[in-house]
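Worksheet: one structure, shown below.
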Amino acid sequence: MTEWSEFRPQQKLLDSKFDGYRLTLEPLAQYTLKFDDNIHVQKDVELINDLYSYNGLKGFKSLNKLYMNNNDLYFIDQMHSIQQINLSSDQSLSHLQQPINVYQLPKNSLNGSMFFLTNSLVCLCDGRSKIFILNTNNSKWKLLYEEDFEESVTSPIRILHAISHEGYLHVILGFIQTDCHLLWVTFSIGSSNEIKLTRKRILNGKKWPDFVAIEANGQGLYITAEGLYKFKFDSLIEIKPEEIPKEPVLEKIESPLHYVWSQSHSTIEIEIDSNTNDSQQWSVIIESDHLKCSMNDTVLIDAKLSDNIDPKESSYVITKDKNNQLIITLHKTNIGSFWNEVFKEGQTISGDIKTGNIPEINNTNNDDDDDEVKQPYNSQQLEECDQYANETDTFLVRFDGDTHRITHQALIYNQILFTKLDPPLLCIRHDVDGLIWQINSITSNEQAPWNHEATLNAFGYVQASKQNRKFLSTPSDYSYALISDISTHLYLYKQQAPASNLAGSSLRNRKTGKLVESIAKQHMISLENHDEILGITATNERAYILTDNQLFVISI
């Protein structure tokens, strides 16, 4: 059964008194490494007509080309070579060495992608149908395993996420084949480091996902996308078709009698006229979810109620002055709920709603011409069949890799600002802020699948004004947020820091005179060239920016 989880921010991580960023002219040290003339970063894949669509552009355009592992930087050049920029030595940032070629992808590669599984293992994809698992311990990477998925995928493809856990490697590949597909492959690592493909799973959906992450323990898969993804294939466990709930059927009993019903916020009232002055024998049985009513051994109602009622508080009465009228009063268990119908399954005579007696909801006055009363609800009240009723809604869901079912689900109401995969997290706009939601591994039913880890103050507001923004990121300590334009400019927003590090010095608000203990700063950074920015990486101490043939290092 799917558990609905809502994004509930921690109040202690929200700053209602945050008064904005102060533009500062304090310079940030900037270093540049210009590559040799024969080294150029690979460009985005050229999409053919069938892929020049919303999904194709979202999946294969404007991707971050800069990777980091063991404090070294990597990128793939236009000759399909993996280039390494060594940062681990004691060399000065102003004298960085030229990139070195650590591995060569096949010359017929389309558009490579990579993901580091561990400090010494990396998974490469050639963009067509092959993936390679390599050891990175030496200056030249060693190929450990190669797999061709030509029969399962259509190019282009790219790696979306990969992890290593207890002797298994999990890799997610994304590609488009009418719909959007995710290929989840699992490899085992033997005692002598032999690698074997042990499992393939395929999911598909209509829209390219905003976020895909394999759970750290390899048991689950998190997907954020518009609409629903579903498992279509599993090489180990048969995918059982979803059990479609049986539609309740309400059969009409042919009878000259009919009922009229009305409701208040707490009761349902049903009236049946016998249409005769003769005395009648009525029988009424009221249960928590069922009502049975008969007259002279003729069944008039034998049906399941639309919602539960309290049978102890419910009652019925027979009036002698109104043609032997039967009046049944049912007390709602869920007080304040609105019933569209009295019965949802079983047999009953025809019935009508009593006009002019629609209840007031939440003590608000409805216009006389309102013929519909809408009941507010929260996500906890939705049933399985209500999921993804609107294909344009964006959901974050967790799939169990073995049962193929959604275990946790949340509706994302606000804008997704950016995502990261090491560790997996989403930054979602909340009012004017950007809230960091970190993904967890589920080890117990009580554990929340995601938690509010940090807040980037006013980041939702400031990023909205950057019409040319391309990449957004933050380091692992969330001390600043970084926005890059398509070219030339970057905007760095340092979170609250002490207003002054000088003993005895102070900063006061000019209007109120109050001492300002901390201040948030905005830096605007201009690069020395106007080439397109192809990738960024943010660490606690530095930000790295990659263009066609140059690397910029900003010291924070």
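Side chains of Asp433 and Pro9 form no contact here, defined as non-hydrogen atoms less than 4.5 Å apart. Contact of the Ile353 side chain with the Trp261 side chain is registered, since non-hydrogen atoms from C-beta on lie closer than 4.5 Å. Taking 4.5 Å as the limit, some side-chain heavy atom of Ser188 sits within range of a side-chain heavy atom of Thr198. Considering only heavy atoms from C-beta on, Phe338 comes within 4.5 Å of Gln263 through its side chain. Looking at Leu291 and Ile270, their side chains come closer than 4.5 Å, going by heavy atoms from C-beta outward. At a threshold of 4.5 Å between non-hydrogen side-chain atoms, the residues Leu203 and Ile223 count as touching. Side-chain contact between Thr394 and Glu226: present, with at least one pair of heavy atoms (C-beta onward) separated by less than 4.5 Å. Tyr478 has its side chain out of reach of Gln495: every pair of non-hydrogen atoms, C-beta onward, lies at least 4.5 Å apart.
Partners of Asp431 according to the salt bridge (charged side-chain N to carboxylate O under 4.0 Å, His left out) rule, which considers only residues two or more places apart in sequence or in another chain, do not exist here. Checked against side-chain hydrogen bond (donor to acceptor under 3.5 Å, both in side chains), Arg405 has no partners two or more places apart in sequence or in another chain. Scored by the side-chain hydrogen bond (donor to acceptor under 3.5 Å, both in side chains) test, Glu251 finds Gln347 as partners (sequence neighbours excluded). Considering only residues two or more places apart in sequence or on other chains, Asp402 meets the salt bridge (charged side-chain N to carboxylate O under 4.0 Å, His left out) condition with Arg199. In this view, Phe60 and Trp208 satisfy the ring pair (Phe, Tyr, Trp, His ring centres under 6.0 Å) rule, not counting sequence neighbours. Partners of Asp302 under the salt bridge (charged side-chain N to carboxylate O under 4.0 Å, His left out) rule, at least two apart in sequence or in another chain, do not exist in this structure.
A distance-only check finds a donor-acceptor pair linking the side chain of Ser113 to the backbone of Ile159 [under 3.5 Å]. A donor-acceptor contact shorter than 3.5 Å is absent between the side chain of Tyr491 and the backbone of Asp485. Between the Lys232 side chain and the Asn204 main chain, no donor and acceptor come within less than 3.5 Å of each other. Side chain of His161 to main chain of Ile214: a donor-acceptor pair is present (N/O by atom type, distance under 3.5 Å, no hydrogens or angles). Checking side-chain atoms of Asp234 against main-chain N and O of Ile239 turns up no donor-acceptor pair under 3.5 Å.
Inspection of the Asn440 and Gln438 side chains reveals no N or O donor paired with an N or O acceptor under 3.5 Å. A donor-acceptor pair shorter than 3.5 Å cannot be found between the side chains of Asn296 and Thr298. Looking only at atom types and distance, the side chain of Lys200 has a donor-acceptor partner in the side chain of Ser152 under 3.5 Å away.
From Ile327, atom CD1 reaches atom OG1 of Thr319 across 5.5 Å, with rounding to the nearest 0.5 Å. The distance from the CD1 atom of Ile335 to the OG atom of Ser264 is 9.0 Å, given to the nearest 0.5 Å. Separating the CG atom in Leu173 from the CH2 atom in Trp184 is a distance of 13.0 Å, to the nearest 0.5 Å. For the atom pair Ile328 CD1 and Ile318 CD1, the distance stands at 9.5 Å (nearest 0.5 Å). Note that CH2 of Trp450 is 4.0 Å distant from CG of Leu396, once rounded to the nearest 0.5 Å. A distance of 4.0 Å separates CD1 of Ile412 from CD1 of Ile428, quoted to the nearest 0.5 Å.
Smallest separation of non-hydrogen atoms from Lys130 and Asp148: CE-OD2, 3.5 Å. Annotation for Ser255 and Leu300: closest pair OG-CD2, 4.2 Å, computed over non-hydrogen atoms. The heavy-atom pair separating Ser274 from Leu257 by the smallest distance is O-CD2, 3.7 Å. Here the shortest heavy-atom pairing between Cys293 and Ile272 reads SG-CD1, 4.2 Å. The minimum heavy-atom distance between Tyr229 and Pro209, with the atom names listed, is OH-CD, 3.1 Å. In terms of heavy-atom proximity, Arg201 sits nearest to Thr186 at NH2-OG1, 3.2 Å.
The ring pair (Phe, Tyr, Trp, His ring centres under 6.0 Å) contacts involving residues 417-437 comprise Phe7-Trp437, Trp437-His452, where partners must be two or more places apart or lie in separate chains. For residues 152-180, no residue pair satisfies the salt bridge (charged side-chain N to carboxylate O under 4.0 Å, His left out) rule, not counting sequence neighbours. Here salt bridge (charged side-chain N to carboxylate O under 4.0 Å, His left out) pairs that include residues 209-222, with residues two or more places apart or in two chains, are Lys58-Asp210, Glu215-Arg398. Within the structure, ring pair (Phe, Tyr, Trp, His ring centres under 6.0 Å) pairs that include any residue of residues 293-318 do not occur (at least two apart or interchain). Residue pairs that meet the salt bridge (charged side-chain N to carboxylate O under 4.0 Å, His left out) test with at least one member in residues 341-352, sequence neighbours left out, do not exist here.
Aromatic ring orientation, Phe175 versus His181: parallel (interplanar angle below 30°, classes split at 30° and 60°). Ring-plane geometry between Tyr168 and His170 is classed as tilted, the angle between the planes lying from 30 to 60 degrees on a 0 to 90 degree scale.
Residues Phe343 and Tyr259 bring their aromatic ring centres within 6.0 Å.
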Run the side chain to side chain contact (heavy atoms under 4.5 Å, CB included) test on Thr455 and Asp15 for me, step by step, so that the C-alpha distance in whole Å, both residues' side-chain angles and the decisive distance to 0.1 Å come before the verdict.
CA-CA 9 Å; Thr455 298; Asp15 184 2; over 6 Å; no
Step-by-step side chain to side chain contact (heavy atoms under 4.5 Å, CB included) determination, Val317 to Thr329
CA-CA 9 Å; Val317 62; Thr329 303; over 6 Å; no
Taking it one step at a time, do Ile237 and His404 satisfy side chain to side chain contact (heavy atoms under 4.5 Å, CB included)?
CA-CA 9 Å; Ile237 301 176; His404 312 125; 3.9 Å; yes
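Counted within 6.0 Å of NZ on Lys61, heavy atoms from surrounding residues, nucleotides or ligands total more than 12; the atom is thus considered enclosed. Atom OH of Tyr461 is surrounded by 12 or fewer heavy atoms from other residues, nucleotides or ligands within 6.0 Å. Summarising the local packing, CZ of Phe233 is surrounded by more than 12 heavy atoms from other residues, nucleotides or ligands at distances under 6.0 Å.
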Contacts table for residues 467-476: side-chain donor-acceptor under 3.5 angstrom, sequence neighbours left out:
residue: Gln467; atom: NE2; partner: Ala464; partner atom: O; Å: 3.1
residue: Arg469; atom: NE; partner: Gln463; partner atom: OE1; Å: 3.1
residue: Arg469; atom: NH1; partner: Gln463; partner atom: O; Å: 3.1
residue: Arg469; atom: NH1; partner: Lys466; partner atom: O; Å: 2.9
residue: Lys470; atom: NZ; partner: Glu532; partner atom: OE2; Å: 2.6
residue: Lys470; atom: NZ; partner: Ile533; partner atom: O; Å: 2.8
residue: Thr474; atom: OG1; partner: Tyr480; partner atom: O; Å: 2.7
residue: Ser476; atom: OG; partner: Asn540; partner atom: OD1; Å: 3.2

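Salt-bridge formation is detected for the pair Lys65/Asp44: a Lys NZ or Arg NE/NH1/NH2 atom is positioned less than 4.0 Å from an Asp or Glu carboxylate oxygen.
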